[in-house]
2 protein chains.
Amino acid sequence: MSKKTTIYDIAKALNITAATVSRALNDNPRISSDTKKLVLETAKKLNYKQNRLALALKSGKSKNVGVVLPIINRNFFSNVIRGVEEELNPMGYNVIICQTHDDEKKEADVIQNLLNAQVDGIIMSIARHTKNTGHFEQVLKKNVPLIFFDRKVDIKGASSVTLDDYRGAYEATQHLIDQGCAKIAHFTVDRSLEIYKNRFEGYKQALLDSDIGFNEKYLLGLESKIEAGKEAAKKLMELADPPNALFSASDLAALGAIQYLKEIGLCIPEDFCVVGFSNEPFTQFMELPISSVDQSPMLMGRTAAKVFLEQIDSDTVKTKKRIVLAPSLKIRKSSSRSNPTL
Amino acid sequence: MSKKTTIYDIAKALNITAATVSRALNDNPRISSDTKKLVLETAKKLNYKQNRLALALKSGKSKNVGVVLPIINRNFFSNVIRGVEEELNPMGYNVIICQTHDDEKKEADVIQNLLNAQVDGIIMSIARHTKNTGHFEQVLKKNVPLIFFDRKVDIKGASSVTLDDYRGAYEATQHLIDQGCAKIAHFTVDRSLEIYKNRFEGYKQALLDSDIGFNEKYLLGLESKIEAGKEAAKKLMELADPPNALFSASDLAALGAIQYLKEIGLCIPEDFCVVGFSNEPFTQFMELPISSVDQSPMLMGRTAAKVFLEQIDSDTVKTKKRIVLAPSLKIRKSSSRSNPTL
DNA sequence: TTGTATGCGTTATCAC
DNA sequence: GTGATAACGCATACAA
């Protein structure tokens with residue numbers, strides 16, 4: 001109800017001008033410590049709060065950054081947001097969240113919206129089927145830092161923070177080989193996305209680097225769902241020469257596979273080893289904890305935020321960065337023959 | 001790089017005034033359809049985008065709402081945000097996320113910050129130990145709608161959307177009684193928070209309404225963690241007359257209890273029934289799926305957002321609302337003696 | 001050290 | 001139907 005107090009109110013109260021008040025509030029060097037003190041006092045007395053909107057309009061900096069991602073209520077994405085928020089909030093930035101639901105049109109819409117809102121930067125993971133990159137170029141053309149995380153697209157001027165999916169997959173597969181598994185299957189999701197393509201490539205290369213070799217029949221594409229994992233596992237076990245290990249690019253699919261394998265009486269990890277990807281919380285809660293590749297999503301968020309801060313500081317050097325984080329294989333019982341205590 | 005185009009640019013291009021352009025852009029009735037068409041065309045040609053900041057400063061409405069919560073990377077909270085975002089985004093609002101880490105000072109800080117940013121409303125769940133309500137009253141004094149969800153505090157002028165925790169707990173306990181359990185324990189977390197207090201009360205009342213009665217020795221306070229659940233279960237089973245069922249206000253603690261009970265050789269649900277609270281994703285993924293009370297967090301978020309929209313529309317009637325959502329007991333194997341197929 | 005004037009991009013209130 | 005002008009709240013270049 002009470003009219004918001006502005007610098008004019010406090011100027012009037014002190015019989016000085018708004019400019020002086022502004023200077024006092026901003027620690028401007030050329031101001032007498034007397035008036036400064038006076039201003040600060042009455043500012044507090046009048047319960048003055050700076051209107052960030054006015055400042056934003058004036059300065060052209062909104063102190064907001066947009067975070068755009070497919071969907072927020074997934075462990076990976078919400079952790080990334082947490083990382084971003086915790087890095088940016090202390091620096092005076094607010095974080096605006098937008099979901100694309102993996103829809104390209106919606107993605108373009110929210111980006112346009114963020115641009116209209118004058119965000120100082122955009123941190124995002126692209127929608128699943130985005131082909132057109134026009135809306136990304138819009139961002140860069142307006143000189144707004146654009147940082148991709150996890151799912152990126154290669155655009156000149158954009159930065160990215162990703163996981164070394166290739167290495168994660170390679171290590172997971174190598175681990176399975178080390179456990180004595182020679183017939184290792186792979187669940188892939190959507191290889192038109194770099195992350196899944198890289199996971200596949202890492203898997204394949206690990207096999208090629210061993211004396212096992214890559215076998216097309218052990219490769220299955222599916223959705224990241226439990227049921228899909230069950231069905232795919234069924235297909236695998238009905239092969240003439242079924243596999244004895246699985247590296248799944250999806251934790252949920254890995255879980256589904258495990259459920260099926262148990263149903264048909266297999267012992268894990270004795271008869272069959274399984275490694276998933278993402279290190280979803282449930283993987284460690286299971287009676288049979290599932291090995292998985294951790295993506296350190298919070299660190300990814302923090303790192304993306306740091307890249308943004310660098311870019312915003314040095315608008316002289318347009319240093320687009322490509323940061324690749326190291327994966328971390330969490331070995332648990334589902335693939336641990338050598339260490340039964342896990 | 002390219003200077004942002006304003007209504008002045010398009011005014012200049014057409015040899016008219018900015019006011020006219022503004023009117024054309026806003027479908028003002030008193031404008032010739034000719035100029036309107038012309039304006040729209042050149043607007044598109046010059047790639048004009050409205051600067052929401054300027055509009056915000058002028059109108060006093062930022063079209064942003066703040067969502068304040070303890071921590072974002074938890075299933076419950078990220079789902080609430082999703083609900084809020086999906087309800088508000090189509091109405092032209094952006095959602096700003098702030099975490100309090102359950103710290104009262106931080107909570108006061110982010111709220112002040114949001115107020116400075118001129119948010120049009122605040123949707124929040126209070127920090128765990130917040131006692132002082134000064135920062136909430138600040139919000140209301142500025143006439144900014146304040147809607148609590150889940151964890152609320154009773155303040156005149158603030159709305160709230162909560163779950164009927166009492167009923168959820170009552171139904172869970174009743175369900176355990178129906179399964180033939182007569183000695184039902186309860187894990188509570190922090191009864192200084194309404195939600196946990198209500199869960200306890202619902203549990204207690206269900207017992208009192210049956211011929212079982214409430215027994216203090218079956219009540220244990222703990223943290224919402226697996227280890228805590230294990231330890232508490234151990235304590236319970238070391239009682240002279242150990243219980244044969246558990247209603248836990250925390251899913252994680254319920255999981256811990258189950259792990260311990262299995263360790264000592266008990267069969268679930270034959271020997272011991274367990275129901276948790278929150279319906280965390282992992283509860284349904286387990287080999288032994290855990291019964292739990294669902295809080296419909298997405299609906300909670302959507303509802304809170306709707307309340308905000310109502311409040312913003314009718315600034316005439318200050319109708320504070322108190323909405324209580326119905327819980328939904330998910331019965332799974334951990335408590336299902338009657339239906340072994342679960 | 002302080003005051004004056006101006007602009008950030010829009011919309012609203014006057015006039016014409 | 002359109003133009004001129006003020007205002008939102010703040011910061012700054014320029015004067016004094």
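In the text below, chain A, chain B and the rest are named by the order of the sequence lines, each starting its count at 1. Since the structure is predicted, the reported quantities are computational estimates derived from the model, not experimental observations.
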Enquirer: Under the rule for ring pair (Phe, Tyr, Trp, His ring centres under 6.0 Å), what residues qualify as partners of Y48(A), not counting sequence neighbours?
Expert: none
Enquirer: It should be established whether Q50(A) places a side-chain nitrogen or oxygen under 4.0 Å from OP1 or OP2 of nucleotide dA11(D).
Expert: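 Yes, within the criterion.
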Enquirer: Check the phosphate of dG7(C) against Y8(B), side-chain N and O only, distance under 4.0 Å to OP1 or OP2. Yes or no?
Expert: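 For dG7(C), neither OP1 nor OP2 has a side-chain N or O of Y8(B) closer than 4.0 Å.
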Enquirer: Whole Å only: how far is the OH atom of Y48(B) from the C1' atom of dG9(C)?
Expert: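 About 7 Å, once rounded to whole Å.
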Enquirer: How many Å lie between CD1 on I16(A) and P on dA16(D), as a whole number?
Expert: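 It works out to 21 Å between those atoms.
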Enquirer: Hey, can you tell me if F76(A) and F149(A) have their rings parallel, tilted or perpendicular (30° and 60° cut-offs)?
Expert: tilted
Enquirer: Can you tell me how far P of dC8(D) sits from CG of N116(B), to the nearest Å?
Expert: 19 Å
Enquirer: Provide, to the nearest angstrom, the distance between the CG atom belonging to N51(B) and the C1' atom belonging to dT11(C).
Expert: 13 Å
Enquirer: Looking at R151(B) and D190(B), does any basic side-chain N land under 4.0 Å from a carboxylate oxygen?
Expert: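 The answer is no: the pair does not qualify as a salt bridge.
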Enquirer: Whether K152(B) and E194(B) form a salt bridge (side-chain N of Lys/Arg under 4.0 Å from carboxylate O of Asp/Glu) is what I want to check.
Expert: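 Salt bridge between E194(B) and K152(B), a charged N being under 4.0 Å from a carboxylate O: yes.
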Enquirer: Taking the nucleotide of DNA chain C with the closest heavy atom to each, which residue, A19(B) or A54(B), is nearer the 5' end?
Expert: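 Nearer the 5' end of the strand: A54(B).
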Enquirer: Figure out the CG/C1' separation between N15(B) and dG3(D), and round it to whole Å.
Expert: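 For the pair N15(B) CG and dG3(D) C1', the rounded distance is 13 Å.
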Enquirer: More than 12 foreign heavy atoms under 6.0 Å from NZ of K131(A): is that the case here?
Expert: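 Enclosed.
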Enquirer: Over how many whole Å does the gap from I10(A) atom CD1 to dA11(D) atom P extend?
Expert: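 Spelled out: CD1 on I10(A) to P on dA11(D) is 12 Å.
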Enquirer: From CG of L57(A) over to C1' of dC8(D), roughly how many Å is that when rounded to an integer?
Expert: 9 Å
Enquirer: Please work out which residues in residues 20-47 of chain A have a non-hydrogen atom less than 4.0 Å from an atom of DNA chain D and list them by number.
Expert: S22(A), R23(A), N26(A), R30(A)
Enquirer: Applying side-chain contact (heavy atoms from CB on, under 4.5 Å) between F308(B) and each of I122(B), V84(B), D120(B), report the one that passes.
Expert: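 Testing each of I122(B), V84(B), D120(B) against F308(B), the sole residue satisfying side-chain contact (heavy atoms from CB on, under 4.5 Å) is D120(B).
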Enquirer: Does K58(B) make a side-chain donor-acceptor contact with the base of dT10(C), cut-off 3.5 Å?
Expert: no
Enquirer: Using the side-chain heavy atoms of T17(A), tell me which of these nucleotides is nearest: dG9(C), dT4(C), dA4(D).
Expert: dT4(C)
Enquirer: Could you tell me which non-hydrogen atom of Q311(B) sits nearest to which non-hydrogen atom of S159(B), and how far apart they are?
Expert: NE2-OG, 3.1 Å
Enquirer: Rounded to whole angstroms, how far apart are NZ on K63(A) and P on dA11(D)?
Expert: 13 Å
